[in-house]
Amino acid sequence: MNEQRIGIVTSLAIHASFLILFLTIPVAGAIPYTKTIYISFVQQEDLYSTSHKEMKPIMRSKAEHAQSINKPEIMEIKQPQDEFLLNDKPVTAAVQRAEYSTIAKTEITSIGKAVNQGVAETTFGNSGAPAFIHREMPVYPLLARRIGREGKVILKLLLDKNGTLQDIEVIEASGFGFTEAAVAAIKKSTFSPAHSNGEKVPSKAILSVRFNLK
Amino acid sequence: MEYLGAIIDYGVIGLLIVMSIVAVSIAVERHLTYKKIKIEHFRDRKELELELTKKLHIIATIGSNAPYIGLLGTVLGIMLTFYSIGREGLIDTGKIMIGLALALKATAVGLIVAIPSVVFYNFLLRKVKVIMMRWEIINGRKGI
């Protein structure tokens, strides 16, 4: 019986040491992952081409025209605690960069409204469209970051006339937890409502979230 | 479907780890028993053989079945991957490959468990034979 006890203890010790050895191998360090993360909120002109095909050329020209006037704003957020978790080496703090463009496209807003009576259908960045009051940055999914995946998620947010988030509809999903990260960030964000002729109106707004590694 | 993935991952790999712990503990116990055993106390050959081969079948079973259990985990993992691809209808090669690669780790763990078990089994079998021969040398072949 004594041998049996010794055997069990020895076996457990061997397995525990193997497990500890296995878990302490620095997996994050072994995989070279990029330093800078870009998460961008940009509007997606192509979206309209799928839902309203006949309007495509108008949208394109408007968008191009607007692009030449307005430069996208760029917001940089440092995330040192994220870097600390992922990498032991005290190198180059991860810079999370959000890019979003504020492009005025009043015509599109009015066209979108005609389609859905009562609820203005618009895209983030348009004039009269809802805007962020507090923008919560999405967390770049760990797995995607390690294996260097990028992704794009397109969401449709349903806001009431006070700017409260009612519903999130995923128009274009992406794997590796991008969709979940984007939805979680949107749920934590707050918005100002859409305006039409100076009045607050409920709206459906399309928001494109892009996850890029550079 | 996430819970099924967790069952495959933790269930199969956990079972293999438990099997490995059992196999190693029996191997250590047998090894110590063979070191301490006094062949003069056994008058019958069959009695000695019975004492020596006790529990050895467990190691043999683990050594031969661990790869199959690992393979089962892999097959279930691949099934799950294909199911989720079919349901979501995505054509993302990266996701498919990651699913398949992660499914294969069950087979790897199965082999890691099986190889030492087979080594232990052969090693212990050899020791059993040596002890039996020593008994025969002392007692002649009268016990047979």
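Per chain, numbering begins at 1; letters A, B, ... match sequence-line order. Model, not experiment: these values are computed from the prediction.
- Using a 4.5 Å heavy-atom cut-off against chain A, no residue of residues 118-132 of chain B qualifies as contacting.
- To the nearest 0.5 Å, atom NE2 of residue B:H31 and atom OG1 of residue A:T10 are 10.5 Å apart.
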Enumerate donor-acceptor pairs with a distance under 3.5 Å from any side-chain N or O in residues 185-192 of chain A to protein atoms, sequence neighbours excluded.
from, atom 1, to, atom 2, distance (Å)
A:S189, OG, A:E136, N, 3.0
A:S189, OG, A:A185, O, 2.8
A:T190, OG1, A:H134, N, 3.0
A:S192, OG, A:A131, N, 3.4
A:S192, OG, A:A131, O, 3.4

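- Annotation: maximal heavy-atom pairing with chain A below 4.5 Å, among B:L32, B:T33, B:I21, B:I17, occurs at B:I21.
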| Test side-chain contact (heavy atoms from CB on, under 4.5 Å) applied to A:Q4 and B:K55, step by step | CA-CA 11 Å; A:Q4 202 162 9; B:K55 296 176 194 166; 3.6 Å; yes
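- Atom CD1 in B:I26 sits 14.0 Å away from atom CD in A:E3 (nearest 0.5 Å).
- A:I14 touches chain B through its side chain: at least one heavy atom from C-beta onward sits under 4.5 Å away, while N, CA, C and O do not.
- Separating the NE2 atom in A:H15 from the OG atom in B:S25 is a distance of 8.5 Å, to the nearest 0.5 Å.
- Nearest heavy-atom pair across B:S20 and A:S11 is O-OG, 4.4 Å.
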